[in-house]
Amino acid sequence: MTSKILIIGACGQIGSELTHKLRDIYGVDNVIASDINTRNLELVNSGPFVILDAKNFNAIKDCCINNNVKTVYLMAALLSATGEKYPMEAWDLNMNSLFHVLNLAKTKIIDKIFWPSSIAVFGPTTPKENTEQRTIMEPSTVYGITKQVGERWCQYYHEKYGVDVRSIRYPGIISWKTLPGGGTTDYAVEIYHEALKNKTYECFLSEETELPMMFMDDAIKATVDIMQADTDAIKIRSSYNLSAISFTPKEIAASIQKVIPEFTISYKPDYRQDIADSWPKSINDTPAREDWNWKHEFSLQDITKEMLTQLGKNNG
Ligand code: AKB
């Protein structure tokens with residue numbers, strides 16, 4: 001049987017687009033999508049799909065053994081805003097799912113893991129501008145704590161047991177196919193939907209809140225590139241800083257107004273403001289650029305053009 005790829009959490013914002021991309025590269029039947037439910041029917045009907053709870057070790061193990069799965073992309077997680085509401089659930093899902101796939105690799109049932117980390121590993125004491133790969137990391141959110149701890153375990157499993165685990169610290173990801181859920185950077189997707197529908201948006205972050213962001217196509221390219229890179233090229237086994245652009249709500253609104261002049265924005269910061277304020281404004285990703293040739297393509301204006309065009313087609 002040819003070896004297969006399993007994506008856990010395939011119905012989500014990144015998982016769904018990653019599934020399609022990996023199927024383009026490796027063939028539809030070689031990529032098994034899985035999630036805890038069938039909430040994304042387009043994805044569910046697009047190729048092999050199984051219901052899988054990321055917290056259930058035996059279910060993941062059986063799926064890997066029965067289908068000769070050798071590579072796992074673990075995309076299931078509770079994100080920053082949801083994590084603050086349900087701290088224990090975030091800890092439970094984010095940590096146990098990671099241990100499950102690390103242990104499958106330790107016992108040689110699978111060969112390779114992709115696990116996403118996040119800019120949430122940084123905290124209020126981290127230098128905010130051009131944040132380095134190695135710097136102060138004192139995350140103040142549950143989600144950030146799970147990602148930071150997860151990074152340490154990835155490095156540990158690589159060093160002690162030779163596990164081939166690869167990871168990047170995603171910034172906020174902007175996409176039009178599948179909505180994000182439960183994140184602090186979600187405003188940068190919602191704003192495009194509201195601009196087309198209602199020509200106005202009430203933002204839950206203040207106008208000068210600058211955060212690192214990236215278009216989905218760049219995020220998928222980074223994910224594929226790091227997984228295809230030679231083993232020797234991957235020098236960091238915790239997680240790589242990854243950067244594209246940074247902007248504020250005011251700046252994204254201005255870029256939308258270039259296309260939709262009547263668009264207006266108002267600001268009503270809520271509990272997510274504290275989360276955003278604890279994160280860096282911009283990221284230095286020199287190691288990713290040097291080690292495996294990472295390069296982003298999409299500027300803010302490119303993203304705005306693509307988002308409004310694609311969402312406009314779907315609405316119209
Ligand atoms: C979130 O906002 O929680 C995520 C992230 C930056 O990891 N998008």
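Predicted, not measured: the structure shown is a model, and the values here were computed from it. Atoms within a ligand are numbered from 1 in the order they appear, just like the ligands themselves. Below, all heavy atoms of this structure are taken into account, side chains as well, without hydrogens, waters or symmetry copies.
Ring planes of H296 and W294: tilted class, angle from 30 to 60°. Ring geometry for W153 versus F99: interplanar angle over 60°, hence perpendicular rather than tilted (30 to 60°).
Of the charged side-chain nitrogens involved, none lies within less than 4.0 Å of a carboxylate oxygen, so that E159 and R237 do not count as a salt-bridged pair.
For ligand 1, the atoms sitting less than 4.0 Å from at least one non-hydrogen atom of T184 are 1 (C), 2 (O), 3 (O), numbered in the order shown with element in parentheses. Distances below 4.0 Å separate heavy atoms of W279 from the following atoms of ligand 1: 1 (C), 2 (O), 3 (O), 6 (C). Taking a cut-off of under 4.0 Å to the non-hydrogen atoms of G183, the atoms of ligand 1 that pass are 1 (C), 2 (O), 3 (O). Distances below 4.0 Å separate heavy atoms of L79 from the following atoms of ligand 1: 3 (O). Near Y143, the atoms of ligand 1 lying under 4.0 angstrom from a non-hydrogen atom of the residue are 3 (O), 5 (C), 7 (O).
Nearest non-hydrogen protein atom to atom 8 (N) of ligand 1 is T185 OG1, 2.9 Å.
The side-chain tip of R166 does not point at the ring of F114 from less than 6.0 angstrom away and within 45° of straight on.
The closest heavy-atom contact to atom 6 (C) of ligand 1, among the options S80, S118, P116, comes from S118.
Between the side chains of Q155 and E151, no donor-acceptor pair of N or O atoms lies under 3.5 Å. When only modelled atom types and interatomic distance are considered, T184 and S80 share a side-chain donor-acceptor pair under 3.5 Å.
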